[in-house]
Undergrad: 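Please find one structure pasted underneath; my questions will follow.
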Amino acid sequence: MIELEPSYNPKQYEQKWYQNSVKKKHFSAALNTEKVPFTILMPPPNVTSQLHMGHGLGYSIQDLLTRWKRMKGFNACWLPGTDHAGIATQMMVEKELEKEGLTRRGLGREKFVERLTTWKDKYGGIILEQFKTMGFSCDWDRLAYTMDPKLSEAVRYVFVKLYREGLIYRGERLVNWDTALQTAISDDEVESKEINGSLYYFRYPIEGSDTFIPIATTRPETMLGDTAVAVNPDDDRYKDLIGKKARLPFVDRLIPIIADNYVKSEFGTGAVKITPAHDPNDFEIGKRHSLAFINVMTEIGTMADNTPPPFRGMDRFLARKEVVKQMKLLGLFDEEKAYKTTLPHSERSKTIIEPRLSLQWFVKMKELAEPAADAARSGDLQFHPESWRKTYLYWLDNIQDWCISRQLWWGHRVPIWYCRACEGLSTGITDPTHCEHCKSAEIVQDEDVLDTWFSSWLWPLSPFGWPDEESKLKDLNYFNPTDVLVTAPEIIFLWVARMAMVNLKFRQTLPFKHVYFNATVCDKQGRKFSKTLGNGIDPLEVIEQYGADAVRFTAISLAPLGGRVRMEKADFEHGSRFVNKIWNAARLIFQHLEPSQALTPLRELPLTLAEKWLIHRFKEAALRINSNLDTFRVNDAVEEMHHFIWGALCDWGLECAKTDLSSTDISVKNRALSVLVYVLDGALRLAHPVMPFVSEELWHKLPAHPDWGKRPDSLCLAGYPEAELLPSFTEEAKLWKTIQDIISGIRSVRQQMGLPPKEELPAFIRVDSELRETVSNAEDWIKRLARVSQITTGQDIKRPNQSLTSIGKGFEIYLPVGGLIDIDKEVKRLKTEDQRLKKILAGLNSKLDNENFVARAPEDVLEQTRAQKLNMEEQIAAIKKNLDALS
RNA sequence: GCGGCUAUAGCUCAGUUGGUUAGAGCGCCACGUUGACAUCGUGGAGGUCCCCUGUUCGAGUCAGGGUAGCCGCACCA
């Protein structure tokens, strides 16, 4: 026998097998044109982040697909890496500085970046180590980082190329200004939150009269930058005022009263103060009417020097109160109404975004977006679930230019140099030393860095050596386009769409054909896992408790495509029980296996019906699992695997085989072992992509079966079961169903009637002629599995007196129980069954009595219905006969 | 406001192009187990498939309308 502990202990095996595979480079995909590549880009986690359940799920799915394809013979490359994550990382270091009483500005740029680099070297990449605990089979030889020199060159290349083509430009725009971080952030890093605010009603004096124009605003402090008041041109109340001027309090500025269709007469007073430098809509109006743009705020959100006392230098929110107070003093305040409004907040610092007029770098998106949108329209780019296509298209069709400059120090610095002499701009793949216009050496580089996503969007390209023309380019042509991107729906715009755009722009192909959106991980109340709520599950903790295989299996089986998964720690017991079940199934087989055991090819064996069914069932499982994986139904694939191993292999396959395993007849034992080793080997192959460790350990202990051919070094390189190549026993599998029905029927009657399980009863089974032989051949199984002492089968078995009965399709079972029979109980049971069947029969009859059904339903459905009717009638008749006998 | 998704067993969800008696896991109840596994076995209870209307021989499945919940995006100063 082969020794195995009574239960599986993950820690003993996980890292052993993982390290073995890494050492032997099982996960590395070297360029090999003889093999077809299968590539998945790992969405690079932030270099400073820690593993959480979202990664646990998303990356488990990627590993499942990678391992599956690798076993199928593809050259599987799962490209790992990290993202420098500009804002996120810089914030963490700034926080650390704060504790020491330092600031980044105090430290200076060079020292600060040095500090960041040290910090990143120390804490960065922890997450990659954590991936190893999960067992992820990434190609570690290709590990990439967005600030690697090679990848940075690609960033530079793209910037210069797009700049020269006029797709990158510098412009003065309202940007989302984060006053805490003092940088512009993109629209996609902004989140809206509802705020309980106020709507203030003021009056501005009309110049040259003693009348006023009433306005309403939520942001009184911005009035210091007002350059107009706008009304709707069709608003009769204000028609006469159009063209006149109002005198702006405090700054004493004359501002025009203009007409613009943007203004809704119903809202507020129907007159709007216009502050073009502090509101996106006002900005547009300002451009339309050539108004002045007056910025009245500093980068830290205080009132600027161009504002009068007492406002000057005041924080924007204090200034709001102060303006209201002063307006009251001037008698220009009418009222304040409570008002709910949604305001943009910074995702990072959580502060309210200040629209701020500033010079920033932008990418023109329209031209880039069109091919990316077309690809989704034509179906070249497919989303799973498909519904995300609309969201993707809506965004691309309404795309805004992308603000790519950030006022940070951590990231790729904008490769633009300003000339002090001629004010011209220079750029280049390498740092220029002279102005490209006037050759002056007096040039200084832009202070800003590029948005993190400006390097992430190159992920399908730069890690493969692009834009290098040299050898690496072969890698690129081999691995790009990649096969499937597995990611979270939150970054469909930030990342997915942009990768599509840039790949199409520079290579005229999509970076991937399929985009799979994995489920969002939530707690039992349906709230997203978040640090602040503290409701997350730490994957490392659950791995510690249940093992990596259990965590992977549970996460995937719980997660439907795209939706949300509700999880709690206890759920992982599900996986842990399953892993242990597999272990113990193997243990049973191993107990009867000798190291020198002779295993025979299946075709040379006189297989039993149960064995043929099991082998057939294995083929069925392989078929379903493969087709589910082909269509990205990963949880269904995993569920089928579970169902096969537990419900088919363990509950029936092993139970049936037990007596043969302990048979003294060597040929019987050998036959049983040959079948079980064959099926177990196959089951471990099916399971491996999800549960790499337990499967690997058992597989190495399992002797090689001749039908599986030559064994590679590791299960992760062994062939995945392909249904077309597996033996099939369709007819036998059908026959076996009847045996299962008979066994279940007897068990059910016994238990419902409360018969002691140990009591062995004789059974009389009346079977239809075509099943007679099958059933008599199955007597041993029926006896053992249904606890029956003796079986009599025949076509015209008479019902013995005082019998319990079970009726099925093609058979009828009598269990003579003598004095044990509780007649009332049995009559009740049979009557309930009778009623149930009669209901079904009535349904079938009404169908068949319907002329339309008979005339229009397809022949096979009709035939099926008639067969059902006959079957029902037979069963009902059988019940009646039994009831008669009992009364 | 615009767009999307969801509604099936106590809970979490499957149910593919309409066609046998709607399934799984967990939970619950009962019985059982000294030889793979109590991380177990066997059996059972539990469902007006959210509501209405329609299409159809036939609807959990398709169409229209409603209700409830969730999620994006844009927002009115």
Side-chain angles (χ1 to χ4, degrees), chain A residues 4 6-8 187 192 199-200 215-219 222 230 262-264 266-275 279-282 339 341-342 344 385 387-388 390-391 394-395 398 489-490 492-493 520 524 526 546 550 557-558 560 562-567 570-571 573-592 627-628 631 633 635-636 639 642-643 647 650-651 654-655 658 662 744 747-752 754-758 785-787 836-837 839-840 843-844 847 850-858 860-862 864-865 867-868 871-872:
Chain A
L4 217 55
S7 62
Y8 175 65
D187 290 346
S192 292
L199 189 58
Y200 302 91
I215 58 107
T217 179
T218 54
R219 303 201 53 200
T222 62
Y262 161 77
V263 181
K264 302 219 168 14
E266 326 79 67
F267 189 89
T269 62
V272 194
K273 63 191 257 331
I274 301 298
T275 324
D279 180 279
N281 292 309
D282 293 9
Y339 184 69
T341 181
T342 45
S387 55
W388 284 101
K390 270 204 163 176
T391 311
Y394 182 83
W395 186 73
N398 295 282
E490 294 100 82
I492 184 169
F493 312 132
T520 312
K524 283 287 166 183
Y546 301 106
S557 65
L558 243 39
R564 49 176 52 214
V565 221
R566 293 160 201 255
M567 261 185 209
D571 290 332
E573 272 173 33
H574 173 54
S576 148
R577 281 206 297 263
F578 182 42
V579 170
N580 191 61
K581 186 77 179 177
I582 297 175
W583 181 263
N584 272 288
R587 189 160 172 258
L588 171 64
I589 299 170
F590 287 179
Q591 276 178 358
H592 299 279
S627 83
N628 277 322
T631 49
R633 303 171 65 107
N635 59 328
D636 290 343
E639 180 50 39
H642 176 253
H643 197 225
C650 295
D651 288 349
L654 294 179
E655 288 306 325
K658 272 179 181 171
S662 16
S744 302
R747 284 167 171 174
S748 174
V749 174
R750 291 179 63 121
Q751 292 218 20
Q752 284 188 62
L755 295 181
K758 274 186 187 160
L785 298 178
R787 287 192 168 270
R836 192 180 69 90
L837 297 180
K839 231 185 195 170
I840 296 165
L844 294 171
K847 259 191 198 178
N850 184 335
E851 281 170 31
N852 277 324
F853 175 73
V854 179
R856 298 193 196 189
D860 57 323
V861 174
L862 202 57
Q864 214 173 36
T865 312
Q868 274 167 42
N871 179 252
M872 276 305 125

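Keep in mind that the numbers below use all heavy atoms, side chains included, and drop hydrogens, waters and symmetry copies. Each chain gets a letter, A, B and so on, in the order the sequences are listed, and its residues count up from 1.
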Undergrad: Let me know the distance between CG of A:N850 and C1' of B:rG19, rounded to the nearest Å.
TA: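 Atom-to-atom, A:N850 to B:rG19, this comes out as 14 Å.
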
Undergrad: Check the phosphate of B:rU21 against A:K839, side-chain N and O only, distance under 4.0 Å to OP1 or OP2. Yes or no?
TA: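 No, because none of the side-chain N or O atoms of A:K839 sits under 4.0 Å from OP1 or OP2 of B:rU21.
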
Undergrad: Base, sugar-phosphate alone, or nothing: which one does A:P756 contact when heavy atoms must sit under 4.0 Å apart?
TA: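 Here A:P756 touches no strand at all.
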
Undergrad: Say you pick atom P in B:rC11 and the same atom in B:rU48; how far apart are they, in whole Å?
TA: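 One P to the other, the span is 12 Å.
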
Undergrad: Heavy atoms from C-beta onward define the side chain here; which of B:rA77, B:rA36, B:rC73 lies closest to that of A:T218?
TA: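 Of the options given, the side chain of A:T218 lies nearest B:rA77.
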
Undergrad: Looking only at the side chain of A:F493 (C-beta and beyond, no hydrogens), which of the listed nucleotides B:rU12, B:rC73, B:rA36 gets closest?
TA: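 Taking heavy atoms from C-beta onward, the closest nucleotide is B:rC73.
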
Undergrad: Does B:rG44 have its OP1 or OP2 closer than 4.0 Å to a side-chain nitrogen or oxygen of A:R747?
TA: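 The answer is no; no side-chain N or O of A:R747 sits under 4.0 Å from OP1 or OP2.
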
Undergrad: Taking atom NE2 of A:H574 as the centre, report whether more than 12 heavy atoms of other residues, nucleotides or ligands fall under 6.0 Å from it.
TA: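 Correct, the count exceeds 12.
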
Undergrad: Taking C-beta and beyond as the side chain, do A:L558 and A:D571 meet within less than 4.5 Å on heavy atoms?
TA: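 Sidechains of A:D571 and A:L558: in contact.
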
Undergrad: In Watson-Crick or G-U wobble terms, both distances under 3.5 Å, what is the partner of B:rG1?
TA: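 The base-pairing partner of B:rG1, which may sit in any strand shown, is B:rC73.
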
Undergrad: Rounding to the closest angstrom, what is the interatomic distance between B:rG60 and B:rG23 at atom C1'?
TA: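 Their C1' atoms lie roughly 12 Å apart.
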
Undergrad: Would you say A:T520 places a side-chain N or O within less than 4.0 Å of OP1 or OP2 belonging to B:rC71?
TA: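 Checking A:T520 against B:rC71: no side-chain N or O falls below 4.0 Å of OP1 or OP2.
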
Undergrad: Consider the side chain of A:Q752, meaning its heavy atoms from C-beta on, and name the nucleotide among B:rG44, B:rU16, B:rA77 that approaches it most closely.
TA: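 Nearest nucleotide to the side chain: B:rG44.
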
Undergrad: What distance do A:Y394 atom OH and A:F493 atom CZ have between them, rounded to the nearest 0.5 Å?
TA: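 A:Y394 atom OH to A:F493 atom CZ measures 10.0 Å (nearest 0.5 Å).
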
Undergrad: From B:rU21, B:rA36, B:rU12, pick the nucleotide closest to the side chain of A:Q868?
TA: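 From the listed options, B:rU21 comes nearest.
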
Undergrad: Any idea which of B:rA77, B:rG19, B:rU39 is nearest the A:A857 side chain?
TA: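 Selected nucleotide: B:rG19.
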
Undergrad: What is the separation between atom CD on A:E639 and atom C1' on B:rU16, rounded to the nearest whole Å?
TA: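 Computing the A:E639:CD to B:rU16:C1' distance gives 16 Å.
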
Undergrad: Examine B:rA77: is either OP1 or OP2 under 4.0 Å from a nitrogen or oxygen in the side chain of A:Y339? Give yes or no.
TA: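 For B:rA77, OP1 or OP2 has a side-chain N or O of A:Y339 closer than 4.0 Å.
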
Undergrad: For the side chain of A:E655, counting heavy atoms from C-beta on, which of B:rG44, B:rC37, B:rG72 is nearest?
TA: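 For the A:E655 side chain, the nearest candidate turns out to be B:rC37.
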
Undergrad: Sort out the partner of B:rA7 for me: Watson-Crick or G-U wobble, both distances under 3.5 Å, none otherwise.
TA: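 Across all strands, the one nucleotide that pairs with B:rA7 is B:rU67.
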
Undergrad: What does A:K758 touch in the nucleic acid at a heavy-atom separation under 4.0 angstrom: a base, only the sugar-phosphate, or nothing?
TA: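 The answer is sugar-phosphate, as A:K758 gets under 4.0 Å only of primed atoms, P, OP1 or OP2.
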
Undergrad: Taking a pair as Watson-Crick or G-U wobble with both distances under 3.5 Å, which nucleotide is matched to B:rG47?
TA: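 Base-paired to nothing in any strand shown.
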
Undergrad: Closest to the A:K581 side chain: B:rG43, B:rA36, B:rU20?
TA: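 Side chain of A:K581 sits closest to B:rA36.
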
Undergrad: Regarding B:rU21, can its base be found pairing with the side chain of A:R836 as donor and acceptor, where the two atoms are less than 3.5 Å apart?
TA: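 Pair found.
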
Undergrad: Under a 3.5 Å cut-off for both contacts, is B:rC40 paired Watson-Crick or G-U wobble with anything, and if yes, with which nucleotide?
TA: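 WC or wobble partner is B:rG32.
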
Undergrad: Measure the distance from CZ on A:R787 to P on B:rG41 and round it to the nearest whole Å.
TA: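 Atom CZ in A:R787 sits about 16 Å away from atom P in B:rG41.
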
Undergrad: With the side chain of A:Q751 defined as its heavy atoms from C-beta on, choose the nearest nucleotide among B:rA30, B:rU21, B:rG4.
TA: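 Comparing B:rA30, B:rU21, B:rG4 against the side chain of A:Q751, the answer is B:rA30.
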
Undergrad: Within the 4.0 Å heavy-atom criterion, would you say A:R577 contacts the bases, only the backbone, or no part of the nucleic acid?
TA: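 Base contact - A:R577 has a heavy atom under 4.0 Å of at least one base atom.
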
Undergrad: Could you identify the nucleotide paired to B:rC62, looking across every strand shown and requiring Watson-Crick or G-U wobble geometry with both distances under 3.5 Å?
TA: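 Base partner found: B:rG54.
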
Undergrad: Base, sugar-phosphate, or nothing: which does A:I589 touch, judged by heavy atoms less than 4.0 Å apart?
TA: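 Nothing, no heavy atom under 4.0 Å.
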
Undergrad: Can a side chain N or O of A:R633 be found less than 4.0 Å away from OP1 or OP2 on B:rG15?
TA: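 For A:R633, the contact criterion (side-chain N or O under 4.0 Å from OP1 or OP2 of B:rG15) is met.
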
Undergrad: Please name the nucleotide paired to B:rG23 by Watson-Crick or G-U wobble geometry with both distances under 3.5 Å, or report none.
TA: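 The answer is B:rC13, by the H-bond criterion.
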
Undergrad: Heavy atoms under 4.0 Å, any strand shown: does A:R219 hit a base, just sugar-phosphate, or nothing?
TA: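 Since no nucleic acid heavy atom lies under 4.0 Å of A:R219, the category is nothing.
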
Undergrad: Looking at A:N635 and A:S557, what are the two nearest heavy atoms and their distance?
TA: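 Here A:N635 and A:S557 meet closest at CB-O, 3.9 Å.
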
Undergrad: Look at the side chain of A:D651 and decide which nucleotide, out of B:rC26, B:rG41, B:rU21, has an atom nearest to it.
TA: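 So the side chain of A:D651 is nearest to B:rG41.
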
Undergrad: Taking 4.0 Å as the cut-off, does a side-chain nitrogen or oxygen of A:S744 come that near to OP1 or OP2 on B:rU42?
TA: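 Answer no for this pair, as no side-chain N or O of A:S744 is under 4.0 Å from OP1 or OP2.
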
